[in-house]
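Note sheet for the following structure.
Any value given below was found using the heavy atoms of this structure, including those in side chains, with hydrogens, waters and symmetry copies removed.
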Amino acid sequence: MNLLALVVLTWVCIAIFVATGIVTLLALIGRLKLGGGDGTRHDFYLRALVAALILQVVGVSVSAYASITKSAAQVQPSITDANKSEKGVGAPPPAINPAQINWADTQSNADWGGFDYAYTLTASPKYKVKDTVLCDATRLGYVATCWDERPEGYPPGVDLTDVPKGAAPSQWCTYKDNQIRVSSPATGKAKPGRVYICAQSVAR
């Protein structure tokens, strides 16, 4: 029930209660005869009015109690949730903004043999190849190595690529699986490539 309907209903109840009370009071002091005619039914109607007044008082009291109880029940969870948020209990972890996740240049060169799951054209790492995401919130810490002048050494048996079959680009990047991190020993014997890491940017 909305607020306007509740206000209207409250005033209607008050009006009925006041009208009933006035009629009852006039009947009690003898200024009004109930039942019409000779007033033989006066006492019957007077008792009925008194009973109606009592029922109205009881009804209003019960409704008020129910409203107060319901309001208290609604307020209590809000207070509890606020306390939890202040203490950090039950608060969800901050969401990672996808726009802040990028391939970050480590300003270093290295090579790791094996552990490749994709490779792409150009000397800068890409974010997707064949509908497969290469850097997002689920791949933070993944490593890509890129070369500017290396027309050989493409990972064997890797199908996730945009390099045309039979092509030998000199600029390309390879993407390592989660077994390789920038801290892993660079055991590769090929020419070191530029190392990039999938990372979340720090807000300033």
Next on the checklist: Side chains of Ser108 and Thr106 only: does a donor on one sit below 3.5 Å from an acceptor on the other?
Outcome noted: yes

Next on the checklist: Under 3.5 Å, is there a donor on one side chain and an acceptor on the other for Asp148 and Ser170?
Outcome noted: no

Next on the checklist: Hydrogens and angles aside, do Tyr175 and Thr145 bring a side-chain donor and acceptor to less than 3.5 Å of each other?
Outcome noted: no

Checklist entry - Could you walk me through whether Asp162 and Lys130 pass the salt bridge (charged side-chain N to carboxylate O under 4.0 Å, His left out) check? => result CA-CA 7 Å; Asp162 60 358; Lys130 290 185 177 180; over 6 Å; no

Next on the checklist: Please check: side-chain N/O of Trp172 versus main-chain N/O of Arg150, any donor-acceptor pairing under 3.5 Å?
Outcome noted: yes

Next on the checklist: Quick one: does any side-chain atom of Tyr117 pair with a main-chain N or O of Asn178 as donor and acceptor, under 3.5 Å?
Outcome noted: no

Next on the checklist: Using 30° and 60° as the class boundaries, would you call the ring planes of Tyr119 and Tyr154 parallel, tilted or perpendicular?
Outcome noted: parallel

Checklist entry - Quick one: does Lys176's side chain have a donor or acceptor within less than 3.5 Å of a partner on Ala118's backbone? => result no

Next on the checklist: Taking Gln179's backbone N and O only, do any of them form a donor-acceptor pair with Asp177's side chain (distance below 3.5 Å, no angle check)?
Outcome noted: yes

Checklist entry - Within a strict 4.5 Å, meaning less than it, do heavy atoms of the Trp112 and Val143 side chains meet? => result yes

Checklist entry - Side-chain contact, heavy-atom cut-off 4.5 Å: Tyr142 with Cys135? => result no

Indicate every side-chain donor-acceptor pair of residues 183-191 with a distance under 3.5 Å to a residue at least two apart or in another chain.
from, atom 1, to, atom 2, distance (Å)
Ser184, OG, Arg181, N, 2.9
Ser184, OG, Arg181, O, 3.2

Item to check | Contact check, side chains of Thr161 and Thr120, non-hydrogen atoms, under 4.5 Å | outcome: no

